[in-house]
Each structure stands twice: as structure tokens, then as C-alpha cells.
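Throughout, numbering of the chain's residues begins at 1 and tracks the sequence. Only this structure's heavy atoms are used, side chains among them; waters, hydrogens and symmetry mates stay out.
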Amino acid sequence: RGLGDVYKRQVLMYIKSLELKNYRNYESLCINISPGTNILYGDNAQGKTNILEALYLAGTTKSHRGSKDREIIQFDREEAHIRMMVERNGSTHKIDMHLKKNKSKGIAIDGVPIRKASELFGIVNIVFFSPEDLNIIKNGPAERRRFLDSEICQLSRLYMIELANYNKVVAQRNKLLKEISFSGRMADTLEIWDEQMVRYGTSIISERKKFISRLNDILSEIHQNLTGGKEPVSYTHLRAHETDSYLV
């Protein structure tokens with residue numbers, strides 16, 4: 001199914017609670033979260049952003065700051081633990097995440113360990129705004145693709161699978177190109193990898209365009225309200241030098 005089907009579905013979801021252990025400046029923390037609007041307030045450098053980072057990490061497996069797991073764990077500890085309770089369409093789910101300094105993180109959903117971090121996507125949908133978001137504009141197109149992929153993967157498991165397959169094909173194709181440049185061997189297999197790259201790449205670009213179109217509907221309405229209808233704005237997909245770029 002495409003993203004159109006995803007947009008038509010209504011999802012009732014909220015985060016019920018968050019527990020942290022040995023996470024940044026929190027040796028131990030447990031907070032209950034309201035279904036409505038929640039405000040974290042306090043002095044600077046007290047850990048407000050760390051709580052938001054933990055929520056984002058538990059929902060997406062990655063820190064919005066780009067921090068590595070060992071940087072998040074308290075200095076004198078080997079592990080940190082995040083537990084998040086989520087209610088989604090009337091069902092409660094528990095996400096447990098163990099961060100380790102010298103090993104890959106461990107993740108369990110409702111007490112069942114998962115093999116791939118991608119299995120976590122879809123349980124909780126998170127929209128996060130931070131100063132680091134300026135990198136989407138300031139950095140190159142790779143940063144914008146990363147942002148789009150992160151958002152679409154939360155909406156579509158099929159897109160997540162296609163993206164993972166595309167990245168694997170690109171890695172294998174690049175490895176083959178190096179082998180060909182050194183020895184000339186296996187050059188006749190390059191066409192096979194090209195075909196797969198085109199297949200997955202076409203699907204990914206198509207879904208990104210659909211996502212951009214949906215964003216435009218929302219962006220245009222918001223901007224019209226801000227400017228009193230005097231200024232139009234749109235988000236445009238460009239193809240240049242085999243690289244996806246997006247401009248406002």
C-alpha cells in the first residue's frame with residue numbers, strides 16, 4: 001500500500017510514561033505523561049532536552065543529536081535503560097531499550113526482543129523540533145534525504161523495507177565497482193545490481209514525491225494563514241546530477 005492509505009487512517013496514540021536509568025544526567029527517573037499537552041520547565045542544563053531525546057530515541061532508535069550510545073550512558077556505567085509505555089488505538093505497548101557502551105543496543109517490544117531496529121517503527125509516531133533541525137537547510141541534500149526517510153519510515157513499513165534493500169544494493173554495487181577497478185572480474189554482474197538499484201530507487205523516489213505533495217497541502221495552508229493569503233509557498237522536488245534535492 002502507498003502513503004495515501006496511511007494518511008487516511010486515524011491513529012489515536014499517546015505516550016503514557018517514561019523511565020530512565022543511568023541516562024545522561026539521570027541516574028533514575030520515572031514520569032507519567034498526560035494524554036493532553038505536557039510542558040517541561042526548569043532552569044538551564046537540568047535535563048529537559050535529555051527527556052525529549054530519550055522519547056525520540058525510544059521511538060526511532062536514534063538520537064536527534066546524532067549522539068552515539070556510549071555518549072548517552074553515564075560516565076561510570078556500562079549500560080543505560082529506557083522504558084516507554086505507549087497507548088495506541090486502545091492497546092498499550094511497552095518499549096524497553098538497553099544502551100550498551102561496547103555492544104549494539106537491545107530492544108524489546110512488550111517483553112519480546114526484536115532482531116532488527118526497524119521493527120520498532122510504527123508503534124509510536126514522533127515529530128521532533130530542535131535547533132539541530134537547522135542542519136536540514138544548512139547541510140547538503142543527504143541531510144534532507146535523511147529527514148524524509150526518517151519521517152516516511154514511521155508511516156510506511158513497506159518504505160522502510162524498500163529503503164533498507166536499496167541501501168544494501170548500493171553497498172554491494174559499490175563493492176563490486178571496486179573489485180572491477182582492481183581486477184576487472186565480475187564486470188558482467190554489474191547490470192544485475194544496476195537493475196535492482198533502479199527498481200528500489202524508483203519506488204523510493206515515488207514515495208518521497210507523494211510525501212512532498214502531502215507536505216505541500218499542509219505547508220500551503222499554514223503559510224496562507226501566516227501571510228493573510230498574500231504569499232504562496234511550496235516544497236519542490238528537484239533532480240540534479242543523480243541527487244535528490246528539496247527546496248522551499
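- Checked by atom type and distance alone, the side chain of Y166 never pairs as donor or acceptor with a backbone atom of I204 at under 3.5 Å.
- Taking CD of Q172 as the reference point, atom CD of Q196 lies at 9.5 Å (rounded to 0.5 Å).
- Annotation: the span from L29 atom CG to N50 atom CG amounts to 10.0 Å, rounded to 0.5 Å.
- In this structure, R208 and D149 have side chains that are in contact, with non-hydrogen atoms separated by less than 4.5 Å.
- With a 4.5 Å cut-off on side-chain heavy atoms, R173 and D194 count as touching.
- In summary, the side chains of Q154 and S150 do not present any donor paired with an acceptor at a separation below 3.5 Å, with no hydrogens or angles considered.
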### Task
Carefully, step by step, assess S183 and E179 under the rule side chain to side chain donor-acceptor pair (under 3.5 Å).
CA-CA 6 Å; S183 64; E179 178 68 26; 3.0 Å; yes
### Message
Under the criterion side-chain contact (heavy atoms from CB on, under 4.5 Å), I'd like the reasoning laid out for V233 against E231: C-alpha separation, chi angles, the key distance, then a yes or no.
### Response
CA-CA 7 Å; V233 66; E231 296 179 3; over 6 Å; no
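- Although no hydrogens or angles enter the test, the distance criterion places a donor-acceptor pair under 3.5 Å between the side chain of R144 and the main chain of N139.
- I82 and I114 end up in the same hydrophobic cluster when Ile, Leu, Val, Met, Phe, Trp and Tyr side chains are linked at under 4.5 Å.
- Judged by the 6.0 Å and 45° rule, K101 forms a cation-pi pair with F75.
- To the nearest 0.5 angstrom, N135 atom CG is 11.0 Å from H64 atom NE2.
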### Task
Report the C-alpha distance between I152 and L163 in whole Å, list the side-chain angles of each, state the deciding distance to 0.1 Å, and finish with yes or no for side-chain contact (heavy atoms from CB on, under 4.5 Å).
CA-CA 10 Å; I152 302 174; L163 182 63; over 6 Å; no
### Message
Y14 vs I33, test: side-chain contact (heavy atoms from CB on, under 4.5 Å). Steps then yes/no.
### Response
CA-CA 9 Å; Y14 76 96; I33 302 175; 5.7 Å; no
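- Hydrophobic clustering of Ile, Leu, Val, Met, Phe, Trp and Tyr side chains at less than 4.5 Å, counting indirect connections, keeps Y159 apart from V198.
- Between N22 and E27, the closest side-chain pair of non-hydrogen atoms falls below 4.5 Å.
- Using a 4.5 Å cut-off on side-chain heavy atoms (C-beta onward), Q74 and Y23 make no contact.
- A continuous path of Ile, Leu, Val, Met, Phe, Trp and Tyr side chains, each step under 4.5 Å between heavy atoms, connects L177 with Y200, placing both in one hydrophobic cluster.
- No continuous path of ILVMFWY side-chain contacts below 4.5 Å connects F129 to L215, so the two sit in separate hydrophobic clusters.
- No hydrogens or angles considered: nothing links the side chains of N165 and R199 as a donor-acceptor pair under 3.5 Å.
- To the nearest 0.5 angstrom, L155 atom CG is 6.0 Å from F211 atom CZ.
- Using a 4.5 Å heavy-atom cutoff, the side chains of E162 and E207 are not in contact.
- Between the side chain of K48 and the backbone N or O of G42 there is at least one donor-acceptor pair closer than 3.5 Å.
- Here the straight-line distance linking atom CD of E19 with atom NE2 of H81 works out to 7.5 Å at 0.5 Å rounding.
- Side-chain contact between N174 and K178 is absent, with no heavy atoms from C-beta onward closer than 4.5 Å.
- Judged by distance alone, the side chain of R88 and the main-chain N or O of I123 form a donor-acceptor pair under 3.5 Å.
- For the atom pair CG (L176) and OG1 (T189), the distance works out to 4.5 Å, reported to the nearest 0.5 Å.
- In this structure, the side chain of Q46 does not engage the main chain of D43 through any donor-acceptor pair within 3.5 Å.
- Under the 4.5 Å side-chain heavy-atom criterion for ILVMFWY residues, no single connected hydrophobic cluster contains both M85 and I15.
- Taking a cutoff of 4.0 Å between a charged side-chain nitrogen and a carboxylate oxygen, R65 and E71 do not qualify as a salt bridge.
- Two residues are said to be in side-chain contact when any heavy atoms from C-beta on lie closer than 4.5 Å; R77 and K21 fail this criterion.
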### Task
Applying side-chain contact (heavy atoms from CB on, under 4.5 Å), run through M84 and M97 and close with a yes or a no.
CA-CA 9 Å; M84 185 167 71; M97 183 174 292; over 6 Å; no
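- D69 and K100 are not joined by a salt bridge, as no carboxylate oxygen comes within less than 4.0 angstrom of a charged side-chain nitrogen.
- For the pair D133 (side chain) and S130 (backbone), a donor-acceptor distance under 3.5 Å is present.
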